[in-house]
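What follows is a short report on a single structure.
Within every chain, numbering begins at 1; the chains are lettered A, B, ... in the order of the sequence lines, protein sequences first and strands thereafter. These numbers come from the heavy atoms of this one structure, side chains and all, not from hydrogens, waters or symmetry mates.
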There are 2 protein chains.
Amino acid sequence: MPKKTFMNLSEDKKERILNVMIDEFYEHGYENASISRIVASAGIAKGSFYQYFNDKQDMFKYMIDVMRQEKLTYLETISAEEYKNNFFTLLRKLLKGGLAFLRDHPKQAVIYDRFMASADEAVKKGVMGEDINASNVFLEKILHERKAANELSSDLDVRFMAHILTSVSLSFGEYFQNQYDDLSKLKDEEYDHIVEQTIKLFQHGIEKR
Amino acid sequence: MPKKTFMNLSEDKKERILNVMIDEFYEHGYENASISRIVASAGIAKGSFYQYFNDKQDMFKYMIDVMRQEKLTYLETISAEEYKNNFFTLLRKLLKGGLAFLRDHPKQAVIYDRFMASADEAVKKGVMGEDINASNVFLEKILHERKAANELSSDLDVRFMAHILTSVSLSFGEYFQNQYDDLSKLKDEEYDHIVEQTIKLFQHGIEKR
DNA sequence: TTATAATATGACTATACAGTCACATGACTC
DNA sequence: GAGTCATGTGACTGTATAGTCATATTATAA
């Protein structure tokens with residue numbers, strides 16, 4: 001985690017540095033992000049950087065932590081009760097929240113998706129800590145419950161399906177980025193369309209009924 | 001593409017070098033793979049490497065080309081006729097072929113999946129050339145045909161679903177690698193199980209019927 | 001055997017980077 | 001203003017890397 005010195009900085013300065021970090025990771029990915037470039041872009045001295053963070057991983061972890069906190073605000077309207085009865089209602093809310101976050105914070109979302117898809121397992125563990133599999137564990141739990149409640153197919157492989165759901169949601173960033181230039185200008189309907197296509201896939205498949 | 005000098009090498013030597021490359025890319029990913037380490041591991045001089053390849057991308061492209069040719073042999077039993085009538089039969093064959101390749105060539109498969117999931121768009125274009133979207137284009141075509149033939153849901157977003165299918169198949173490597181230690185020792189039934197789970201998802205969804 | 005072409009070599013150059021440290025500047029306190 | 005603590009600085013060190021090149025070795029052929 002960042003050092004006290006960084007935490008004492010003005011919000012302005014913290015945010016300026018954070019934005020440079022986001023641009024750097026977005027542009028070059030985790031592995032190729034360069035501290036030298038970051039300090040140059042942010043207009044701070046190399047030495048200052050090391051007063052703020054221990055190293056690249058430390059800085060990345062900070063960025064991810066900020067992002068996760070922000071993302072939570074997109075999901076927190078989901079109450080525990082809602083999914084007790086309907087898996088697909090929950091899934092819809094999760095997907096909508098995820099896509100709203102993607103619309104508002106496309107760079108962070110893409111950075112995260114790429115990091116999860118590619119990075120070295122050890123690095124991932126270092127950055128994400130216990131949370132590497134938080135998404136999977138959560139989904140597995142829900143899938144298990146709803147399967148037991150007879151809402152989901154009785155021969156469903158819960159672990160595998162949790163993996164698929166995670167993969168699919170991690171792939172949205174890349175999909176939208178390849179299809180459209182400016183994600184922030186996309187209309188809600190376009191996001192909703194993708195949500196509904198996804199829900200339909202998981203609920204009924206794609207075969208004509 | 002590799003230089004003539006490399007092509008003139010004995011099969012033995014070519015394969016030895018190829019295997020070192022595979023290990024290096026598997027271990028460190030595309031971005032962090034080091035030519036210096038490769039030549040050291042392969043027991044060849046730095047200068048020799050540059051008699052064989054132009055640079056890292058050139059070498060990687062060669063590795064991918066060899067892999068794709070090998071992978072084709074896993075898919076070529078799929079005749080054009082078979083999928084004319086049934087999308088899910090085709091999908092099953094594609095998935096089975098893909099997983100058989102994963103079982104026999106786990107490192108290459110994982111290298112490929114990670115590269116596709118993460119690498120810089122420009123690098124991907126350089127390495128894959130016209131084939132970046134070959135999988136997507138092929139799937140889109142089939143999905144479109146089978147939708148027109150009334151086999152698939154009439155409101156299916158063909159482009160999006162092609163993306164999902166690609167993402168899902170690219171995620172198998174990571175899934176098996178996280179679940180099991182030695183992919184080569186997995187039984188056919190375990191692969192078949194995943195294939196059937198996937199088919200069922202796409203055909204009917206996961207909701208209890 | 002000699003000449004020519006192909007292949008192999010590793011020391012060397014240039015570059016980018018992470019991380020350090022002695023010192024400078026500013027802020028706050030008495 | 002003197003003293004103290006927090007913050008800022010950038011030149012410097014060490015290391016890893018890509019890529020080059022003059023030279024050496026080996027194969028081919030006449």
Looking at DNA chain D, which of residues 22-39 of chain A put a heavy atom within less than 4.0 Å of it?
->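 Listed by number, there are none.
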So which pairs with a foot in [range] pass salt bridge (charged side-chain N to carboxylate O under 4.0 Å, His left out), sequence neighbours left out?
| range | result |
| --- | --- |
| residues 20-43 of chain A | A:D23-A:K107, A:E24-A:R37 |
| residues 159-181 of chain B | A:K124-B:E174, B:E140-B:R159 |
| residues 109-120 of chain A | none |

Tell me, please, which residues at least two apart from [X] pass side chain to side chain contact (heavy atoms under 4.5 Å, CB included).
| X | answer |
| --- | --- |
| B:D182 | B:S184, B:K185 |
| A:K4 | A:N8 |
| B:V137 | B:N133 |
| B:Q197 | A:L156, A:D157, A:F160, A:M161, B:H193 |

Go through the structure and list residues passing side chain to side chain donor-acceptor pair (under 3.5 Å) with B:R16, not counting sequence neighbours.
->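 So B:R16 forms no side chain to side chain donor-acceptor pair (under 3.5 Å) with any residue.
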Rounded to the nearest Å, what distance is computed from the NZ atom of residue B:K3 to the P atom of nucleotide D:dG19?
->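 Checked: the NZ to P distance equals 11 Å.
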Rounded off to whole Å, could you give me the NZ-to-C1' distance for the B:K56 and D:dT17 pair?
->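 Value for this atom pair: 10 Å.
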Under 4.0 Å protein heavy-atom contact, by nucleotide of nucleotides 4-12 of chain D - B base, S sugar-phosphate only = ---SBBB--
With a 4.0 angstrom cut-off to heavy atoms of chain A, pull out the first and last contacting nucleotide of DNA chain C, in 5'-to-3' order.
->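 The contact span of chain A on DNA chain C goes from C:dC17 to C:dC21.
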Would you check if there is a donor-acceptor pair between the side chains of B:S171 and A:H163 at a distance under 3.5 Å?
->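 The answer is yes; a qualifying pair exists.
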Sequence-distant partners of B:E15, salt bridge (Lys or Arg N to Asp or Glu O under 4.0 Å), two or more places apart |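 B:E15 satisfies salt bridge (Lys or Arg N to Asp or Glu O under 4.0 Å) with no residue once adjacent residues are dropped.
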